[in-house]
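Everything numeric in this text was worked out from a predicted model, so none of it was measured. Read the numbers this way: they start at 1 and go in the same order the structure lists the ligands and their atoms.
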Amino acid sequence: MRNIIIDCDPGHDDVIAFLVALANQEELNILGITTVAGNQTLTKVTNNILKVQDYLGVHIPVSMGYSTPLVKELDVQPQAHGATGMDGPQIPEPHSKPTGMHAIEFMKKTLMEAEDKVTMVCIGPLTNMGLFLKTYPELREKIDCIAIMGGGINRGNTLIKAEFNIYHDPDAAKIVFDSGIKVVMAPLEVCYAASILLTETEKFAEGGKVSRFVYDLMKFYQGYAIRNGWDRTAIFDAVPVTWLIHPEFFTAEEYEVYIETDGRYCRGMTVVDTRGYKGELKNPKTVLVDADREKFIEFLFKCINKLDRIYA
Ligand code: RIB
Ligand code: CA
């Protein structure tokens with residue numbers, strides 16, 4: 001059993017990552033969810049996770065974090081996630097409310113009260129995580145690992161060389177990567193390697209309540225892939241969550257990783273040192289470099305089918 005806090009900006013893939021965690025609570029004890037601005041505004045991404053929980057009848061505490069990056073301006077992504085941040089599914093507006101506690105205060109309280117260490121699952125910009133580490137450095141010892149979706153080894157998405165979560169708040173990402181806490185990084189390459197085929201998505205339409213919700217999510221979300229002529233789409237944020245449960249699905253390497261916080265073309269780039277000087281590693285990150293796509297997708301369907309039975 002691993003205690004986790006999910007820090008997210010839902011976001012279609014954030015929601016699916018949450019569902020994977022929800023389907024595996026015997027391995028992942030979800031202590032709470034914190035939200036951060038990224039794919040959409042803080043209000044919208046918070047509303048989205050509350051909507052999903054209410055739709056399923058789940059009540060994991062949700063605490064709102066920062067509404068802007070540390071330095072940059074907010075740069076939401078309607079082209080990928082729509083005006084609401086979760087366009088597609090038509091589910092009721094939430095009746096539940098966030099805790100009213102700020103995300104970093106929720107992190108502080110939860111880490112102090114936890115008997116064992118906690119894994120931070122960060123699948124949005126790292127604003128909350130970075131500021132938590134700056135504000136409460138004494139609680140770093142209660143974190144066993146920070147598992148993130150973010151960065152790229154040789155490429156970006158939002159910029160040629162910068163992936164969105166790091167691009168959106170590179171200053172916060174630098175705090176996290178320089179913290180000395182174990183970081184497990186799921187960059188773009190491993191997420192693309194674990195992509196779901198557009199033809200595979202159709203199978204969700206044949207399932208129960210949760211499967212059909214995921215189908216509605218994916219029909220909107222994969223529009224971006226279709227517009228680019230791709231036959232598959234990456235469910236980015238589900239990768240680090242799946243790694244926590246099935247690390248054997250992935251290939252990992254230990255690399256030094258540096259965050260570029262300046263530069264006209266490369267601000268937000270993760271500079272991954274793949275030169276192979278193993279003897280000189282001082283603060284290496286566990287970087288996921290490849291995935292067994294079939295096992296990943298089979299597990300995803302297994303998780304959603306399990307939720308169909310639980311939340312019928
Ligand atoms: O680049 C992919 C990441 O950006 C994912 O976390 C997605 O949800 C968006 O936040
Ligand atoms: Ca995200």
> Checking side chain to side chain contact (heavy atoms under 4.5 Å, CB included) for the pair Leu133/Ile143: CA distance, chi angles, key distance, verdict?
Replying inline: CA-CA 10 Å; Leu133 294 176; Ile143 299 172; 4.0 Å; yes

> Would you say ligand 1 has an N or O under 3.5 Å from any N or O of Phe236?
Replying inline: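 N/O-N/O distance below 3.5 Å does not exist for this pair.
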
>> Run the side chain to side chain contact (heavy atoms under 4.5 Å, CB included) test on Asp237 and Phe18 for me, step by step, so that the C-alpha distance in whole Å, both residues' side-chain angles and the decisive distance to 0.1 Å come before the verdict.
In response: CA-CA 9 Å; Asp237 295 337; Phe18 167 67; over 6 Å; no

> Is the side chain of Lys44 donor-acceptor paired with the backbone N or O of Leu42 at a distance under 3.5 Å, no angle test?
Replying inline: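 No: the side chain of Lys44 does not pair with the backbone of Leu42.
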
>> Strictly distance-based, threshold 3.5 Å: is any side-chain N or O of Asp169 a donor or acceptor partner for the main-chain N or O of Lys72?
In response: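 No, because the side chain of Asp169 does not come within donor-acceptor range (under 3.5 Å) of the backbone of Lys72.
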
> Salt-bridged, Lys219 to Glu202, with N to O below 4.0 Å?
Replying inline: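 Yes.
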
> Near the Ca ion (ligand 2), is there an N/O/S atom from Ile123 that is less than 3.0 Å away?
Replying inline: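 Within the cut-off used here (under 3.0 Å), Ile123 does place an N, O or S atom near the Ca ion (ligand 2).
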
>> If the cut-off is 3.0 Å, does any N/O/S atom of Asp13 fall short of it from the Ca ion (ligand 2)?
In response: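 Not a single backbone or side-chain N, O or S atom of Asp13 is under 3.0 Å from the Ca ion (ligand 2).
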
> Of the backbone atoms (N, CA, C, O) and the side-chain heavy atoms from C-beta on, which set of Ile123 has a member under 4.0 Å from an atom of ligand 1: side chain, backbone, both, or neither?
Replying inline: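 It is the backbone that gets close, since no side chain atom is under 4.0 Å.
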
> Under 4.0 Å from ligand 1, counting heavy atoms only, is it the side chain of Thr158, its backbone, both or neither?
Replying inline: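 Contact part for Thr158 vs ligand 1: neither.
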
>> Tell me the closest heavy-atom pair linking Arg293 and Ile196, and the distance in Å.
In response: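 Looks like NH1-CA, 4.0 Å.
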
> Can you list the ligand 1 atoms lying under 4.0 Å from a non-hydrogen atom of Asp13?
Replying inline: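 Heavy-atom distances to Asp13 below 4.0 Å select 5 (C), 6 (O), 7 (C), 8 (O).
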
>> I need the atoms of ligand 1 closer than 4.0 Å to a non-hydrogen atom of Asp14, numbered in the order shown.
In response: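 Counting atoms of ligand 1 from 1, those under 4.0 Å from Asp14 are 8 (O).
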
> Which N/O/S atom belongs to Asp9 and is the closest one to the Ca ion (ligand 2)?
Replying inline: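 Going through the N, O and S atoms of Asp9 one by one, OD1 ends up nearest to the Ca ion (ligand 2).
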
